[in-house]
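Report on the structure given below.
Here is the naming used below: chain letters follow the sequence lines, and residue numbers restart at 1 for every chain. All values below come from the heavy atoms of this structure, side chains included, with hydrogens, waters and symmetry mates left out. Source: prediction; values computed, not measured.
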Protein chains: 2
Amino acid sequence: MFSRACQYAIRAAVLIALEGRNKRRMSLVEIAERTGSPRAFTAKVLQQLARAGILESTKGPNGGFDLPPAKAKKVKLSMVVKAIDGDQVYRGCGMGLPYCNPKKPCPLHDHFQEVRDELRDMLEGTDLHTLSLGLEKGKAFLKR
Amino acid sequence: MFSRACQYAIRAAVLIALEGRNKRRMSLVEIAERTGSPRAFTAKVLQQLARAGILESTKGPNGGFDLPPAKAKKVKLSMVVKAIDGDQVYRGCGMGLPYCNPKKPCPLHDHFQEVRDELRDMLEGTDLHTLSLGLEKGKAFLKR
DNA sequence: GACATTTCGGACAATCAGGTCCGTATTTTT
DNA sequence: AAAAATACGGACCTGATTGTCCGAAATGTC
């Protein structure tokens, strides 16, 4: 469904949103540790998110990545996914036909449309702040 | 969502089901042509489907791949997907956590569950025969 | 039996995704 | 000013995915 890079991005982004509520900035090392993701690779992913304007990065001692709650409420999951994987997963044709559309659909078009729409609605309707709430209550986890 | 191999598999399977209704057996060359898929690579994919028992292959002149309607009605899309990509896409965790479950969910678990269930229901509820009907009426297409 | 047609299967090549390493730039602390 | 902490970015490695090629095996036709 999503690439590994994208999965790491989501994990990291939710965690950063969580700590952003404590006005904390998170270092790469801490993020990688708490999400169980490979450090150097996660760095690349976080750079992509920062370049996409999804989160802020700061160099130097006490630097790291941060995302204040006000912004976390505005960042939808779809933005994270799009920044890493593009939007084919929730917009493209299930059979991979580049020209598939309602006028000239693939055989799977109608069946797949519902699934894709539900995925898109979910991604566009879920923000990082909301997801971080589940984490704080200890009802959800990022690592074994 | 699905790998290229899996997309080719679905396209080919639907086409073979379509021609199976005319008691026709399709050669690799014809399948690749009519689905716009690379020939040699499609051969590998079709072999996988044949080994998985999803369709029949016959060597020699007038050989090829076939799938009679009675069987096409029983082959669900989920079986094709599982044979090529495995079932992670409609069973696994959206964030890629291997231990994600209702007792210890990821932050996305509940949101994602609906989407995954809808995808799974669609794949398990759609058979190749049904998909081939759309093709025959000329309402759906496999190639530009 | 010879030949043509077709799938099968192994070897290989190319590209991409996942991941590491290390030096550089930036910022804070002392 | 020097040192330490941190993100940045490029080079590189590795394995998986995608894709090609070609000989072998099977089967139908003459």
Using side-chain contact (heavy atoms from CB on, under 4.5 Å) as the criterion, point out the one residue from B/Arg21, B/Lys71, B/Lys74 that pairs with B/His129. B/Arg21
Where the side chain of [X] is defined as all heavy atoms beyond and including C-beta, which of [options] is the nearest nucleotide?
{"X": "B/Ser3", "options": "C/dT26, D/dT18, C/dT20", "value": "D/dT18"}
{"X": "A/Lys59", "options": "D/dC8, C/dT20, D/dT20", "value": "D/dC8"}
{"X": "A/Arg51", "options": "D/dG9, C/dA4, D/dA5", "value": "D/dG9"}
{"X": "B/Ser57", "options": "C/dA4, C/dT7, D/dG19", "value": "C/dT7"}

Identify whether any heavy atom of B/Leu28 sits under 4.0 Å from a base atom; if not, whether one sits that close to sugar-phosphate; answer base, sugar-phosphate or nothing. sugar-phosphate
Quick one: label B/Ala50 by what it contacts on the DNA or RNA (base, sugar-phosphate, nothing), any heavy atom closer than 4.0 Å. nothing
To the nearest Å, how far apart are [X] [atom1] and [N] [atom2]?
{"X": "A/Arg39", "N": "C/dG18", "atom1": "CZ", "atom2": "C1'", "result": "17 Å"}
{"X": "A/Gln47", "N": "D/dA7", "atom1": "CD", "atom2": "P", "result": "10 Å"}
{"X": "B/Asn62", "N": "C/dT7", "atom1": "CG", "atom2": "C1'", "result": "13 Å"}
{"X": "B/Lys44", "N": "D/dA16", "atom1": "NZ", "atom2": "C1'", "result": "16 Å"}
{"X": "B/Glu56", "N": "D/dA26", "atom1": "CD", "atom2": "P", "result": "17 Å"}
{"X": "B/Arg4", "N": "D/dT17", "atom1": "CZ", "atom2": "C1'", "result": "10 Å"}
{"X": "B/Tyr8", "N": "D/dT18", "atom1": "OH", "atom2": "C1'", "result": "8 Å"}
{"X": "B/Ile84", "N": "D/dG19", "atom1": "CD1", "atom2": "P", "result": "13 Å"}

First locate atom CG of B/Leu15, then atom CG of B/Leu131, and finally report the distance between them rounded to the nearest 0.5 Å. 12.0 Å
Specify the residue among A/Cys6 and A/Gly60 whose closest nucleotide of DNA chain C lies further upstream toward the 5′ end. A/Cys6
Counting only heavy atoms from other residues, nucleotides and ligands, does the tally under 6.0 Å from CD of A/Glu56 exceed 12? no
I want to check one thing: is the phosphate of C/dT5, taken as OP1 and OP2, less than 4.0 Å away from some side-chain N or O of B/Ser27? no
OP1 or OP2 of C/dT6 under 4.0 Å from side-chain N/O of B/Thr58: no
So do the side chains of B/Met1 and A/Leu119 get within less than 4.5 Å of each other, counting heavy atoms only? yes
Which atom pairs, one a donor and one an acceptor, fall under 3.5 Å between side chains of residues 28-44 of chain A and the rest of the protein, sequence neighbours left out?
residue : atom : partner  : partner atom : Å
A/Glu30 : OE1  : A/Arg24  : NH2          : 2.9
A/Glu30 : OE2  : A/Arg24  : NH1          : 3.3
A/Glu30 : OE2  : A/Arg24  : NH2          : 3.1
A/Glu33 : OE2  : A/Lys143 : NZ           : 3.2
A/Arg34 : NH1  : A/Glu19  : OE2          : 3.1
A/Arg34 : NH2  : A/Glu19  : OE2          : 3.3
A/Thr35 : OG1  : A/Ile31  : O            : 2.8
A/Thr35 : OG1  : A/Ser37  : OG           : 2.8
A/Ser37 : OG   : A/Thr35  : O            : 3.4
A/Thr42 : OG1  : A/Pro38  : O            : 2.6

